[in-house]
Amino acid sequence: HQPVQITLPEDEENLLIGHAAAVREWSRAGVDLILGGHIHVPFVRPLRESHPGIERDAWIVQAGTAVSARVRAGADNSVQVILRRAPTQCLVERWDHTLDAHAFHRVATTPVLLDR
């Protein structure tokens, strides 16, 4: 639930305790994706951005706020949808909710290459 990577300095206190060691060990064990929540800021990033010494390429997929009113400033309600496309690739689609349309719509697609 706690993030292992952040994009906003004010979220540093929310990082998983021991996140650097956890990412290092999970990478060594063969992780491809690490899913996070808690901070309600949706993003997809390679873990090497914040953990350059890890053994393999891995990604963080951070959730936003799906259905709660507890959204962060500048972030609508959103969901991240992970689609496996091949043994070595998936797509992460971000879908944001629009109040006017009363619906979710795709706003971003991030191709993720898996280190296999």
Are H97 and H105 close enough that their ring centres sit under 6.0 Å apart?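 No.
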
Testing the basics here: between [X] and [Y], what is the closest heavy-atom pair and its distance to 0.1 Å?
{"X": "D32", "Y": "D115", "result": "OD1-N, 3.9 Å"}
{"X": "F104", "Y": "N77", "result": "CE2-O, 3.9 Å"}
{"X": "G36", "Y": "Q62", "result": "C-NE2, 3.3 Å"}
{"X": "P42", "Y": "H40", "result": "CD-O, 3.9 Å"}
{"X": "W26", "Y": "V4", "result": "CZ3-CG1, 4.1 Å"}

[X] side chain to [Y] backbone, donor-acceptor under 3.5 Å:
{"X": "R56", "Y": "V31", "value": "yes"}
{"X": "H1", "Y": "L35", "value": "no"}
{"X": "D57", "Y": "L113", "value": "no"}

Side-chain heavy atoms of [X] within contact of [Y], under 4.5 Å:
{"X": "V112", "Y": "L114", "answer": "yes"}
{"X": "V92", "Y": "T109", "answer": "no"}
{"X": "Q5", "Y": "E49", "answer": "yes"}

According to a 4.5 Å side-chain heavy-atom criterion applied to Ile, Leu, Val, Met, Phe, Trp and Tyr, with indirect links allowed, do V79 and V44 form part of one hydrophobic cluster?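 Hydrophobic grouping puts V79 apart from V44.
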
Are I54 and I34 linked, directly or through other ILVMFWY residues, by side chains that come within less than 4.5 angstrom of each other? yes

